[in-house]
Amino acid sequence: MSVIRRLNETTVNRIAAGEVIERPSSVVKELVENAIDAGATRIDIAVNGGGRESIMVADDGAGMDADDLSLSVERHATSKLPGDDLTEIETLGFRGEALPSIGAVSRMRIVTRQHVEAAGLMIAVEGGRVGAPAPAVRNPGTTVEVRDLFFATPARLKFLKSERAENAAVADVVKRLAMVRHDIAMTLTFNARKSLVARSEPGDGADGQLARLATVLGNDFRENAVPVDRERDGIRITGFAGLPTFNRANTQGQFLFVNARPVRDRLLLGAVKGAYQGVLAPQRYPVVALFIHIPAAAVDVNVHPAKAEVRFRDSQQVRGLVVSAIHRAIEQHGHRTSTTASREALAAMRPGDTQFPGRLFDHAQAGWTPQAAWRSPSGGSFPRSGVRPAGDSTADTHPPPTVASAPEDIEAGPLGIARAQLHDTYVVAQTGDGIVIVDQHAAHERLVLERMKAEMAEEGVTRQVLLLPEVVELDEVAASRLAERRDELKQAGLVLEQFGPGAVVVREVPAILGDADIQGLVRDLADELAESGQAMALSQRIEHVCSTMACHGSVRAGRRLREAEMNALLRDMETTPNSGQCNHGRPTFIELKLADIERLFGRR
């Protein structure tokens, strides 16, 4: 008697559904992608009970006739692969698995109507059992209702998280899809409460895209992101990259899209990390929304049923373009720092945050005058400790800055003109509509580092020949991987070659590293190539050495600067890439607008 038998169709569908439908957010993703592919201009999503109770997705797309409706709930039936060519996929969906997989593990009802038809149609699927199409009432478009998710596979219910966690996963999916198409209006509702309302943004350009991103990510992103647009060899990178000082504690603020498809790709995440190397604080992550447009034949999206992973034909070309596109975007806005730093500074100065005894009072009624406030109870003046306004020659024997106070002489530079130095550490500059406070050490540290990097880029990395070449034992795959990238490593100052099947020999190292741990460096490089396909350990070590040298060679806090020195610092910051943050990723200056300062004093 044979021990091998064919599984029945219901069991097969439920097994396959486990790959496609992992949790409620998977259902929402598949249904919204179908709506986008159907040409919808509006999509409404409603979720109850974290998706366990019900999920509803309604659109105003093309709709289906009776034949298409019946085929839509059969496995591997799709309208999105003309010619069955998997190398030319132009739609979000293409596998023909979503609706039958959802129907296999839930109670699903589809109501649809084509624009040319007077009446609609309905079909129900319960645990994989398909009913017959029946007449229904609906406006043109399609509505898919999913109830009692995973009732047919109770074991899967045990692995679902709390309602709050499942709602968060659904929201993340919808936000990513909303970023893809700013011309499609979307709403997301949890338990009858609106969570996201994104109206259709007109136009095909960056303005409409940024408006949608601001709706999804907030106005902070709009204020602190710079446009990215670069093209090479038929591949184009567009979108927006957050300023280095506008960052997060994890990678949840990184949104990556390939041909309008939201993806989570290690190669791309590594490229983003590499692009911000040297300008971001440790354990902080940038906020980006990048859209990669690449010929369909150069990318494989048929890697996993969830369609969240992709494979590039030339991954290094894509990575290099992502890094250079972000680099250029940030450098073009080199002296900017995030507005969130300014808001935090203003919040720290608000009177409500200070523990005053009693309430604030009306100064005019109390007989308050600036002259009276400046006098001490004994009749003397309060000392101006640590503050060196222009023209104050009583502070010490050092010549103080003498800067004219008339606003007419403000220079056109974005960082204004120096007016004072506080505590021999902070330069205060006046701009046309506010003030700028600069950390002189942090700013000069960045200027020195960028100068060193420019010199290294122009002259190349100086290499030091090892008197005795170093042999590093590795596994065969790691050694081969390093040998394949020897040209790239040589440009960074590391010269190595394969030494037998399971080792490499290092002959030259970057001179700036001095007495480096070559064994550890090479093994770190091998691990990084295996994990993300990029070798960052070498550049990170060089960057760290340069950063340390720049730190020790820059203007220290506590040094008094003359007027010309302060203004020269401001002018250099305005023309130096990445000068909005120091070598450790902290802001080098904070800008306070005059309107915000006036609000602090109740003048607005």
Side-chain angles (χ1 to χ4, degrees), residues 220-221 223-228 230 237 239-251 253-254 256 268-290 319-342 344 414-415 438-457 492 512 532 534-551 553-554 569 572-591:
D220 278 351
F221 184 79
E223 296 173 357
N224 297 290
V226 297
V228 176
R230 191 160 193 196
I237 311 290
F240 294 85
L243 296 171
T245 47
F246 179 69
N247 49 59
R248 296 285 183 268
N250 52 45
T251 61
Q254 297 177 13
L256 306 171
L268 297 179
L269 289 173
V272 171
K273 180 180 179 181
Y276 281 86
Q277 180 183 332
V279 296
L280 204 61
Q283 306 304 316
R284 303 297 296 180
Y285 299 86
V287 181
V288 299
L290 296 180
R319 179 191 178 276
L321 188 57
V322 170
V323 172
S324 63
I326 296 177
H327 265 162
R328 175 176 291 187
I330 295 175
E331 288 181 355
Q332 287 176 342
H333 299 78
H335 74 277
R336 283 185 58 188
T337 189
S338 65
T339 59
T340 53
S342 301
E344 291 171 0
L415 298 182
V438 178
D439 182 332
Q440 66 189 41
H441 172 66
H444 196 250
E445 183 181 52
R446 168 58 67 181
L447 299 180
V448 173
L449 176 59
E450 292 300 324
R451 191 178 303 120
M452 293 175 63
K453 289 165 60 178
E455 291 174 356
M456 290 179 63
I512 197 171
S532 61
Q534 53 189 313
M536 294 178 59
L538 181 58
S539 58
Q540 284 177 341
R541 295 194 185 196
I542 293 176
E543 184 94 18
H544 176 71
V545 173
C546 291
S547 178
T548 302
M549 294 170 62
C551 181
S554 60
L569 179 66
D572 283 347
M573 290 176 64
E574 292 166 351
T575 58
T576 300
N578 306 315
S579 63
Q581 55 281 324
C582 73
N583 303 353
H584 314 290
R586 296 186 291 269
T588 57
F589 71 91
I590 294 174
E591 182 177 11

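Values below: every heavy atom of this structure, side chains too, minus hydrogens, waters and symmetry copies.
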Quick one: pull up [atom1] in [X] and [atom2] in [Y] and give me the separation to the nearest 0.5 Å.
X	Y	atom1	atom2	result
Asp439	Arg446	CG	CZ	13.0 Å
His327	Asn578	NE2	CG	7.5 Å
Phe589	Gln581	CZ	CD	9.0 Å
Lys273	Thr251	NZ	OG1	11.0 Å
Glu331	Thr576	CD	OG1	10.5 Å
Leu415	Leu569	CG	CG	9.0 Å

side-chain hydrogen bond (donor to acceptor under 3.5 Å, both in side chains) involving Arg284 - partner list, sequence neighbours excluded:
Asn247
Taken in chain and number order and not counting sequence neighbours, the residues that satisfy side-chain hydrogen bond (donor to acceptor under 3.5 Å, both in side chains) with Ser324 are Arg230
Angle between ring planes, Phe221 versus Phe240, binned at 30° and 60°: parallel, tilted or perpendicular?
perpendicular
Nearest atoms (heavy-atom pairs only) where Pro286 meets Val272
CG-CG1, 3.7 Å
Please report the closest heavy-atom contact between Glu574 and Pro414, naming both atoms and the distance.
OE2-N, 3.2 Å
Does Tyr285 offer a backbone N or O that forms a donor-acceptor pair with the side chain of Arg248 under 3.5 Å?
no
Please check this pair: side chain of Thr588 against backbone of Ser579, looking for a donor-acceptor N/O pair closer than 3.5 Å.
yes
Using the side-chain contact (heavy atoms from CB on, under 4.5 Å) criterion, which residues pair with Val228? Sequence neighbours excluded.
Ile237, Ala241, Leu290, Ala325, Ala329
